[in-house]
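Since the structure is predicted, the reported quantities are computational estimates derived from the model, not experimental observations. Just so it is clear: chains get the letters A, B, ... in the order the sequence lines come, proteins before strands, and each one is counted from 1. When reading the values below, keep in mind they use all heavy atoms of this one structure, side chains included, and skip hydrogens, waters and symmetry mates.
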Amino acid sequence: MIFLLACIAADPAPEAALQPLNDARLLRRLSLDLRGVTPSAEELAAVEADPAALDRYRDEFLDDPRLEERLVSYWAERYQTRIDEFQVRYYDYQLPADQECAFERAVGEEPLRLVAHISVNDRPWSEVATANYTMANPLLGALWPLDYPEGAEGWQEATYTDDRPAAGVLATNGLWMRYYTSQSNANRSRAAALANLLLCVDYLERPVTFSTTPSLADPDATATALKTDDACLACHASIEPLAASLFGYYPAIDYNRIEMAYYHAEREDLGAEVLGVPMAYFGQPLSSPADLGPHVAADPRFYTCAVKTMASLLWRREVSIDEYATIASLEQDFATSGWTARPLLRAITDTPQYRAGALSSSAAADVEARERTVRMLSVDQLGSAVEDLTGFRWTQNGCDQLANDDYGYRVLAGGVDGEQVTRAQQDPSLTWALVVKRLAQGGAITVVERELVNGGARRLFNPDVSLETLPSDPAFAAQLDTLYLRFYARRPTSAEVEADGALWTDAASGAAASVSAPAAAWSALIAVLLRDAEMVME
Amino acid sequence: MMLWLAIVACAQEAGPTLSSPALPIPELVTTPIVAEWSADEAVRALVGALAGDFPSPFRIRESLNGWLSHGDPGCPGEGTFMAGPSFEGCTAQSGWFYLGVGGYSESLSEDDLGPYVELNMMGDLTIVDPEGASIDIGGHWIAALREGPSWRAVLNGSWVEPNSPADWLATGMSGWLEYAGTVNPDGHLVSLDGALAVRGQAVQFTTVNLGVGGCGETPTGAIGIRDPSGGAWTFDFGIDCRPCGAVTFEGQPVETDACLALDGLADRVIRASGPPQ
């Protein structure tokens, strides 16, 4: 009896503790997670009329071209490659300053685009570690030794022409420019990154006994300890041989464009000399660097890691060790699909953890502490959702302000910069609120100017709404219906209609003489609605 | 028994374990590397890579002198070492563009073996002429030259100048090599250890000695070359002045010895590594 209770505690049934979102909010979560936009009024109406439509839409979203972009964003949180400054800079290629963001984004997204491309094209997950191609855009095609298709546009499959062995993301410049190494580090940090990113083996989480470690100021003694000290060997026995397999990427200078962008085939065997061990994969000898990718692809940890990572990204929290049965079940789904990513995503969106909207009264304290039943939109979701609703993209000097940290907005809004901030913010903060406020204002002003003032095509406003529409008009209430549906996936209450009308009236009366009062009023109202918790949470 | 039953019950309740053997994890498939070259072709490629001029720091120095001569005091500054007038680079009045840090220096030093001149050629730099032709340096090439003469050099990095008259520089050269040479009254002796990518081939030297005082034009040690398949050909001459080396591909013996016609390589290394006559 005692043992059975222990089993239940170790593998709680989430459905007992979690109450699912209502269908409309679940459709909204699915749409934001898989497409980066809120659902349309028609989609919401269809689900309202027939709840079975929910899963049909989920499957459509998994086929939506925007899924690829969402996966790039998800994996950016994991791979941490969308950083603002690589050791090699845009000016090293004589690019003008207005191409800085484009350069940084292209370099950082190369491995992410490969993962996303493999995912949405239903290629086997093993290609993440074995593909003999990468993804490149015209900029990378022009700068690096790639056979980017002539005349093509956008991200395309391309192959490196510098004799590097096929190894999926492990053969991308973007990954190794992010995870650079020095001569003394000798690819060890890269080996650790490989283990962490692809296998979820984090050497930095292992306990280290420093009492037997020599002074790090003594390089010879340290080098000896790495080969002889049991505490050091606990990690270095596997790091060193892995690092030895990466010496084709070993640069003389880690901020030089030709040293970093080209594979150095002649250096492949230097690892054994520099590190004093032959290349190997966790005890299995590698006959050449070309064997690395296949060993990763045959490692069960590689697949478990993919499942845990995707579950964590979609649940917006760390996976708990108590959830091993759920992870194993998801992994079974992953395997059944031939290790393709979209069925895995589908299975994750079926989990109670994903669909949770509230805790039941019987939820245990550990479940309450763990679950995220209400989730902040990621900074990428904020940007794409507001752009979809209003046409506004917050850019300055050609840079997407929610996608870099020149001014810090990405991090202030809860995002990951890949270096100083490596985990997405999970709870609102003052800086987050300020960025959301400014984003909402930008979106509101943009959509009002475009649609009501300049007579542009309607994206958000109903056709019968104009600057002459007043809160007392039926068209006003109908417009609020549209806004609430698009923003919150529900209709407003009569009290909300009344309050919003009053807000509109106040804003109109307080508008400066130099601006159109109705335009100012609509901008104020939409800005307030856009920054509401119901909009910026899912 | 009670404990065992309880654990079984627990496993059933929990569903599959994380590393369930039922999961069809892809089997390890490491495609055996199959040589694209025959041993004879590998020999020809190796001899071809090492034929002609051996990479020379003095050739780089000559290039740098020419390229820096188009600069001015404001860009990139005077002398033989550019200190990076700005991160983004600068364009001299002549229209030449200079980016990065580097150049060369010569200094007189002394150690237990006596005085020597240290030629230090280092850089992370790009220079572009008004027509768009460029020179790129990423790394260092340090040579210690002594009376005798003898010298010892280390090169780590990459060098490329597409319009260079020197073919090894025009096609780009990259390496991680230590080498040394001595000019004796009756001939030359050179040693090479490390890796060199030159004329499109990746070549490995493992404790290689060539020349008078060694086995003459027959090397000792082992020389390797990377096959287009990514595999490694190795020609191991040992230390006993065998005229031909034992051939292996990816560590597996190939049923023939190979004789490398490396005639004149020691002289070419010597010529490349001493100041132009």
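Heavy atoms closer than 4.5 Å to chain B are found nowhere in A:Phe334, neither backbone nor side chain. Proximity to chain B involves both the backbone and the side chain of A:Tyr250, based on heavy atoms less than 4.5 angstrom apart. The part of A:Pro251 that comes within reach of chain B is its backbone (N, CA, C, O), which places non-hydrogen atoms under 4.5 angstrom from that chain.
Annotation for B:Ser158 and A:His264: closest pair OG-CE1, 3.3 Å, computed over non-hydrogen atoms.
The most heavy-atom pairs under 4.5 Å with chain B, out of A:Gln284, A:Met260, A:Gln183, A:Arg164, come from A:Gln183. Chosen from A:Ala298, A:Ser126, A:Pro124, the residue pairing most often with chain B at heavy-atom distances under 4.5 Å is A:Ala298. Among the candidates A:Ala335, A:Ala265, A:Gly293, A:Pro165, the residue making the largest number of heavy-atom pairs closer than 4.5 Å to chain B is A:Ala265.
B:Thr30 pairs with exactly one of A:Ser287, A:Pro294, A:Ser288 by the side chain to side chain contact (heavy atoms under 4.5 Å, CB included) rule, that one being A:Pro294.
A:Trp339 places no side-chain N or O within donor-acceptor distance of the main-chain N or O of B:Ile25, the cut-off being under 3.5 Å. Between the A:Asn256 side chain and the B:Ile137 main chain, a donor and an acceptor come within less than 3.5 Å of each other. Without hydrogens or angle criteria, A:Arg89 side chain to B:Phe87 main chain gives no donor-acceptor distance under 3.5 Å. With hydrogens and angles disregarded, no donor-acceptor distance shorter than 3.5 Å links the side chain of A:Glu266 to the backbone of B:Gln204.
Contact annotation for residues 269-278 of chain A against chain B (heavy-atom separation below 4.5 Å, listed by residue number): A:Asp269, A:Leu270. Within residues 194-202 of chain B, the residues approaching chain A closer than 4.5 Å by heavy atoms are, in numerical order, B:Ala195, B:Leu196, B:Ala197, B:Ala202.
A ring-centre distance under 6.0 Å is not found for A:Phe247 and B:Trp176.
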